Amino acid sequence: MTPQPDPEAGAAVKAADRAHVFHSWSAQELIDPLAVTGAEGSYFWDYDGRRYLDFTSGLVYTNIGYQHPKVVAAIQEQAARMTTFAPAFAVEARSEAARLIAGRTPGDLDKIFFTNGGADAVEHALRMARLHTGRPKVLSAYRSYHGGTQQAVNVTGDPRRWASDSGTAGVVHFWAPFLYRSRFYAETEEQECARALEHLETTIAFEGPSTIAAVVLETIPGTAGIMPPPPGYLAGVRELCDKHGIVLVLDEVMAGFGRTGTWFAADLYDVVPDLMTFAKGVNSGYVPLGGVAISSEIAATFATRPYPGGLTYSGHPLACAAAVATINVMEEEGVVENAAALGASVVGPGLRELAERHPSVGEVRGTGMFWAVELVRDRETREPLVPYNASGEANAPMAAFAAAAKKAGIWPFVNMNRTHVVPPLNTSEAELKEGLAALDTALSVADEYVR
């Protein structure tokens, strides 16, 4: 599809947005949303005809890119056949989506509770854990994001939690491993792993194991910085949970469905949680869908005891039809394998080469199509390019970097002092190299702020 400039239409869309749309996570009078007229594959474009390579995958969910014809056709076919139906009934699209998801989740996570997105998936996973154990507390990591609803935002570790945290949600935060900015004075991955596990074990002991329902972790934290855990960490958490009868919840909302070059990030670590949340990539975000994959033990808790929770649109037929088509497309087109191969041969090496040439790059980390570039003022001290939770003038260096990236033709995922490289999983090698070249240009702007 070729972008056709229509500035007048774009101005009308923008005017209506500014008059009536209340945007999330924003000071409403300080934002300037781009008016978008179309998208296809790994690109989208505005009403002035400018085209951008999307290195954000929307919000890390268009895993098969925009407007995949087979998924669009599946949604159209489902709409013609049965647009919607209540969740208490058995519906073909819902049943097939659950079967396909359960066939790819690790271990015995064979029951699927559908939600409308990732945040409510986390809400329900924690409710299940508390009811299953009869315990009130949940432990989660500081460097994390789990959603914007009340319980999900309280288990979140980043600053978006602060405004909603009344200290009454039964949540205790702890430090998960992150060697580059270690809280444990570690010098190796082995030290970071051992000390992080000791810290968690001590936290459990002092909080009282019999009061803790669940430990919830992003298998690989996403928005907080794409920080793959060191070898042995997740296995160690699994062991601690087993020792104390604590439910292990892995949040795969962002990392799941091929993002890491495997169907789920847990596959990289050979760890099976008791509950796993998902959303985003399950149907490439074409229609809102999320869910909880449930172990046989926890499912048995609600075999004759009603589960007290549900949603009007749970397992919506349009969303489930999109999920069925997406999973089938990923299989047929080798999308997961493509993410693994190009992540290893193009993205990782390309980012590491940029790091060698740009003093603003402190660290590159990731796997598959899930990468973070840590930007710093000083490589020796690791001082971030902007302060934690910076805004306004304090965030000027990152704003300048983002503006340069857009001018060079890519739409970057920027959070705090990082840019994340998270394109669609079926982005081609040529497109990835195009994006890396644009990043090269933008990083030269970030270099201007290095001490």
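Predicted, not measured: the structure shown is a model, and the values here were computed from it.
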**Report entry** Test item: Thr419 side-chain N/O and Asn415 main-chain N/O as donor-acceptor pair under 3.5 Å
**Finding:** no
Query raised in the report: Going through the checks in order, is the salt bridge (Lys or Arg N to Asp or Glu O under 4.0 Å) test met by Glu239 and Lys243?
Result: CA-CA 6 Å; Glu239 185 177 340; Lys243 178 180 178 181; over 6 Å; no
Query raised in the report: Between the side chains of Ser42 and Thr427, does any donor sit under 3.5 Å from an acceptor?
Result: yes
Query raised in the report: Between Asn283 and Val287, is there a donor-acceptor pair closer than 3.5 Å when you use the side chain of the first and the backbone of the second?
Result: yes
Query raised in the report: Would you say the ring centroid of Phe264 lies under 6.0 angstrom from that of Phe257?
Result: yes
Query raised in the report: Counting distance only, does the side-chain N/O of Ser284 pair as donor-acceptor with the main-chain N or O of Tyr286 below 3.5 Å?
Result: no
Requested in this report: Look up atom CG in Leu217 and atom CG in Leu234, then write down how far apart they are to the nearest 0.5 Å.
Outcome: 6.5 Å
Query raised in the report: Should we say atom CD of Gln191 is surrounded by more than 12 heavy atoms from elsewhere, each under 6.0 Å from it?
Result: yes
Report task. Before accepting this row, confirm whether a basic side-chain N of the pair Arg259/Glu252 lies closer than 4.0 Å to the acidic partner's carboxylate O. Result -> no
Query raised in the report: Measuring from Met254:CE to His146:NE2, what's the distance to the nearest 0.5 Å?
Result: 11.5 Å
Query raised in the report: When you look at CZ of Phe206, are more than 12 heavy atoms from neighbouring residues, nucleotides or ligands closer to it than 6.0 Å?
Result: no
Query - Side-chain H-bond candidate by donor/acceptor type, Asp54 with Tyr66, under 3.5 Å - result: yes
Query raised in the report: Measuring from Phe174:CZ to Thr202:OG1, what's the distance to the nearest 0.5 Å?
Result: 12.5 Å
Query raised in the report: Are any side-chain N or O atoms of Asp378 and backbone N or O atoms of Arg451, one a donor and one an acceptor, separated by less than 3.5 Å?
Result: no
Requested in this report: Look up atom CD in Glu192 and atom NE2 in His199, then write down how far apart they are to the nearest 0.5 Å.
Outcome: 10.5 Å
Query - ring pair (Phe, Tyr, Trp, His ring centres under 6.0 Å) partner of His420, the single match among Trp371, Phe370, Phe413 - result: Phe413
Query raised in the report: Is Arg104 salt-bridged to Glu331, going by a charged N under 4.0 Å from an acidic O?
Result: yes
Query raised in the report: For the residue pair Phe55 and Trp411, is the inter-centroid distance of their aromatic rings smaller than 6.0 Å?
Result: no
**Report entry** Ala372 to Gly225 - nearest heavy-atom pair and separation
**Finding:** CB-O, 3.3 Å
Query raised in the report: About how many Å separate CD of Glu187 and OG of Ser182, when rounded to the nearest 0.5 Å?
Result: 9.5 Å
Query raised in the report: Does a side-chain N-to-carboxylate-O contact under 4.0 Å join Asp242 and Arg238?
Result: yes
Query raised in the report: Ion pair present between Arg382 and Glu363, side-chain N to carboxylate O less than 4.0 angstrom?
Result: no
**Report entry** Worked verdict on His316 versus Asn116 for side chain to side chain donor-acceptor pair (under 3.5 Å)
**Finding:** CA-CA 8 Å; His316 194 284; Asn116 302 321; over 6 Å; no
Query raised in the report: Does Tyr313 OH have over 12 foreign heavy atoms under 6.0 Å away?
Result: no
Query raised in the report: For the residue pair Leu342 and Ser428, what are the closest heavy atoms and their distance?
Result: CD1-C, 4.1 Å
Requested in this report: Would you verify whether the NZ or CZ of Arg50 falls within 45 degrees of the ring axis of Trp45 while also being under 6.0 Å from that six-membered ring's centre?
Outcome: no
Query raised in the report: Under 4.5 Å between any side-chain heavy atoms of Asp120 and Phe114, yes or no?
Result: no
Query raised in the report: Is the backbone N or O of Gln150 less than 3.5 Å from a side-chain atom of Asn154, with the two atoms forming a donor-acceptor pair by type?
Result: yes
Report task. Show the numbers, then the answer: is there a salt bridge (Lys or Arg N to Asp or Glu O under 4.0 Å) between Arg357 and Glu353? Result -> CA-CA 7 Å; Arg357 293 192 294 101; Glu353 192 273 332; 2.7 Å; yes
Requested in this report: Ignoring hydrogens and angles, state whether a donor on the side chain of His68 or Glu333 is under 3.5 Å from an acceptor on the partner side chain.
Outcome: yes
**Report entry** Test side-chain contact (heavy atoms from CB on, under 4.5 Å) applied to Leu139 and Thr203, step by step
**Finding:** CA-CA 9 Å; Leu139 270 56; Thr203 302; 4.1 Å; yes
Query - Salt-bridge contact Glu123-Arg127 (side-chain N to carboxylate O under 4.0 Å) - result: no
Report task. Determine whether the side chains of His132 and Arg130 contain a donor N or O and an acceptor N or O closer than 3.5 Å. Result -> no
Report task. Determine whether more than 12 heavy atoms belonging to other residues, nucleotides or ligands lie under 6.0 Å from atom CD of Gln28. Result -> yes
Query raised in the report: Quick check: does any side chain N or O of His173 sit under 3.5 Å from a backbone N or O of Thr156, one acting as donor and the other as acceptor?
Result: yes
Report task. Please confirm whether the backbone N or O of Pro177 pairs with a side-chain atom of Arg183, one donor and one acceptor, at under 3.5 Å? Result -> no
**Report entry** CZ on Arg377 to CG on Asp447, rounded to 0.5 Å
**Finding:** 12.5 Å
Report task. Go through Lys14 and Asp32 one step at a time and tell me if the salt bridge (Lys or Arg N to Asp or Glu O under 4.0 Å) criterion holds. Result -> CA-CA 9 Å; Lys14 187 71 164 287; Asp32 184 27; 2.6 Å; yes
